[in-house]
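Below: the structure, in structure tokens.
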Amino acid sequence: MNNEYEKIIQKFHSFEKSNNLKDFKCNGVDMWPMVKYQILIKCFDKVDNRVEKLSNLQSRIFKKIKLFLSGNFLFSLLGQSFNQSEKKHFPESRDFLFLSDEYSKRLQFKGKWLDLFIDPYIDQNTLHQKDFYLLRSNQNFLKPKKGMNDEFNLSVLIAKSFLYSRLSAVKPDDKFIEKYNLIKDFYSKNFNVKDFPKISDIVWESGFIKELSKRFERILDHANPKKVILTHYLGYIAAGLTVAAKRKGLEVVDIQHGVQGKYHPAYNYRNFPTSGYNTTPNKYMVWEKNDLDNLSLWSEVKSTIDAELIGNGTEYIFKNNHKIIDYFNDRFNKIFENHLNKKFVVVTLCWAYYIPDVILKTIQESDSNVFFLIRFHPSTSQDERNEVLIKLSSLSNKNFEVEHSTDLPLYTLFLNASVHLAIVSTAILEGLKFGIKTIAIGTRAKAYYSDADDQNLLLFMDKSSDIVPEIKKIID
């Protein structure tokens, strides 16, 4: 079963080698990276026998509108719309322009929110506020959080771009239609998976990216940066900024935000164009040497992919900044003071996986001296969170906690836990860096990480009858 992912990836590689997918362009936007990710995820989901985590476009739009109309976000957006002058917010040239659209991947430190990807880069490169601008996307429409540095909230720009893209219909040209049919035919012949993206949906997506790029170009005119740095590149907002920056001849850099490796749909190309796609960065900053090695396989032209090894920024913080380490360890001890005599097991959930039955059974069947710190992925929707909480509330064994375990930094949990129970996320690799014994469930985890452990810390299990005694053995 583990080889199924590799077989899928190899079929996509063969297809890329045989075709010029740079032609798959609409509204002046290269769409292969976006569409490839969507359809590859569908293939992987079928192997996992689970509900696809990427629904169709109309469903995604409906969810966004529902979020948009809920809470105070609409009022907040209206307020921001009166304060969105590019000239006012970008009054001078600065060398760097950052974009983070991982809005929820932040942690609160002394009243401000630390960005887990951008702020370590700023710190390691000794940058000051006068050196950069920071753009902040809020795609999940969460309550705005004051960052460590000044930020420009993109909510109004995104909303305007969305509305204009819905109003301006573009008829795709024959070359685009021909390439769309070629990709669809490849997909249909090789994978028994439903819901190939409609051509009208892809046309609209390209239109949305185009509208975003037009507004980003105005920001770039005022900010006049030498370099644009993203985390991460895949997504409408990042694609819009990338198109705009490349149009102006600027270097666009992607900072690694999670697992990449040989099976990630967004970091696995072959026959990669010499100049890249206009929706992909010029350069990739990565955590590990194997990520560098993977990037080198994208093209036979050795100079095509520019990459740099920078390490994991969050790991850097939690191994070097003792003020932050001590602050969150103190918080952990106060929150869990009634459980400090127990052994902690970190449970990292993945968005769209909800909570697998094997994890529920493991919690229910474990001894009273084991306490589970259950952590939602930052991108998990409120609907999914609610469903998981309902399942947890049905357990008679209440040896777990969710709210604080989600709010505290993941690395603080690792520093205080004995075992890590995971599904498939990057947290598996991050936990291994802290020497924590890790039990991963599911076929995808084994495919992704079977070669990642050189300390015999990682185990693959899928039955509570195996996991419960293993946890007991580890903590005893």
Side-chain angles (χ1 to χ4, degrees), residues 4-5 7-16 19 21-27 29-64 101-102 139-140 162 165 172 176-177 179-210 212 230 232-240 242-243 254 257-261 263-270 272 277-281 350-353 377 379 381 424 444 448:
E4 288 302 311
Y5 304 101
K7 290 176 183 176
I8 291 168
I9 288 287
Q10 286 176 348
K11 287 181 180 179
F12 274 83
H13 286 170
S14 296
F15 180 70
E16 287 176 320
N19 294 280
L21 294 163
K22 183 85 171 169
D23 288 343
F24 191 47
K25 183 191 299 280
C26 188
N27 278 304
V29 177
D30 294 336
M31 291 303 294
W32 174 240
M34 305 288 292
V35 172
K36 177 185 179 180
Y37 180 81
Q38 293 177 31
I39 59 180
L40 248 174
I41 285 293
K42 289 176 183 292
C43 294
F44 283 3
D45 287 342
K46 183 174 176 59
V47 176
D48 290 347
N49 293 313
R50 73 185 183 98
V51 177
E52 295 166 357
K53 67 179 177 182
L54 281 181
S55 53
N56 63 50
L57 178 65
Q58 299 305 318
S59 298
R60 299 203 301 274
I61 291 174
F62 176 77
K63 288 177 182 177
K64 290 294 185 185
D101 83 343
E102 290 286 318
Q139 293 189 71
N140 288 330
F162 174 82
S165 69
F176 177 81
I177 294 171
K179 202 66 80 173
Y180 171 85
N181 289 328
L182 178 72
I183 297 167
K184 185 178 181 180
D185 184 58
F186 154 74
Y187 186 74
S188 301
K189 287 180 177 177
N190 287 279
F191 310 106
N192 183 23
V193 183
K194 299 178 182 178
D195 300 329
F196 187 83
K198 296 178 182 177
I199 193 168
S200 58
D201 290 348
I202 299 173
V203 170
W204 174 78
E205 289 175 320
S206 70
F208 184 31
I209 293 169
K210 176 185 176 182
L212 286 163
L230 319 164
H232 57 96
Y233 88 85
L234 191 75
Y236 300 133
I237 290 83
T242 300
V243 169
D254 176 68
H257 71 288
V259 63
Q260 291 183 183
Y263 295 114
H264 195 297
Y267 294 93
N268 251 296
Y269 293 98
R270 294 296 185 270
F272 195 73
Y277 297 97
N278 65 4
T279 47
T280 58
C350 283
W351 64 285
Y353 277 85
H377 188 284
S379 298
S381 69
V424 70
R444 195 179 301 191
Y448 275 24

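As the structure is a computational prediction, the values presented were derived from the model and not from experiment. Scope of the values below: all heavy atoms of this structure, side chains included, with no hydrogens, waters or symmetry mates.
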Stepwise ring-ring contact (aromatic ring centres under 6.0 Å, His included) check, F186 with F191: CA-CA 8 Å; F186 154 74; F191 310 106; 5.8 Å; yes

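Rounded to the nearest 0.5 angstrom, T242 OG1 and L212 CG are separated by 11.0 Å. Summarising the geometry, atom CG belonging to D23 is positioned 10.5 Å from atom CG belonging to L182; distances are rounded to the nearest 0.5 Å. Between S188 atom OG and I183 atom CD1 the span is 11.5 Å, to the nearest 0.5 Å. Going from atom NE2 of H232 over to atom NE2 of H257 covers 4.0 Å, rounded to the nearest 0.5 Å. The distance from atom SG of C26 to atom CH2 of W204, rounded to the nearest 0.5 Å, is 13.0 Å.
Partners of F176 under the ring-ring contact (aromatic ring centres under 6.0 Å, His included) rule, at least two apart in sequence or in another chain, are F24. Listed by chain and number, the residues in a side chain to side chain contact (heavy atoms under 4.5 Å, CB included) with P265 are Y37, L40, I41, F44, Y448 (sequence neighbours excluded). Evaluation of the salt bridge (charged side-chain N to carboxylate O under 4.0 Å, His left out) rule for D254 yields no partner, not counting sequence neighbours. Under the side chain to side chain contact (heavy atoms under 4.5 Å, CB included) criterion, D185 pairs with K189, sequence neighbours left out. K210 pairs by the salt bridge (charged side-chain N to carboxylate O under 4.0 Å, His left out) definition with nothing, not counting sequence neighbours. Under the ring-ring contact (aromatic ring centres under 6.0 Å, His included) criterion, Y180 pairs with F196, sequence neighbours left out. Residues satisfying the salt bridge (charged side-chain N to carboxylate O under 4.0 Å, His left out) test with K7, not counting sequence neighbours, are E4. Evaluation of the salt bridge (charged side-chain N to carboxylate O under 4.0 Å, His left out) rule for K22 yields D30 as partners, not counting sequence neighbours. For N278, there are no side chain to side chain donor-acceptor pair (under 3.5 Å) partners, not counting sequence neighbours. Among residues two or more places apart in sequence or in another chain, the side chain to side chain contact (heavy atoms under 4.5 Å, CB included) test is passed with N181 by I177. Applying the side chain to side chain contact (heavy atoms under 4.5 Å, CB included) rule to S381 yields the partners D383, E384; only residues at least two apart in sequence or on another chain are considered. Residues passing the ring-ring contact (aromatic ring centres under 6.0 Å, His included) test with Y267 are Y233, H264, sequence neighbours excluded.
Across S206 and V29, no two heavy atoms sit closer than the pair O-CG2, 3.7 Å. Minimum heavy-atom separation, P33 to T280: CG-CG2, 3.7 Å. Contact record, C350 with V424: SG-CG1, 3.6 Å, taken as the closest heavy-atom pair.
Of the options Y269, F15, F272, a side chain to side chain contact (heavy atoms under 4.5 Å, CB included) to L21 is made by F15 and by none of the others.
Looking at heavy atoms from C-beta onward, I209 lies in side-chain contact with M34 at the 4.5 angstrom threshold. At least one side-chain heavy atom of E205 sits less than 4.5 Å from a side-chain heavy atom of M31.
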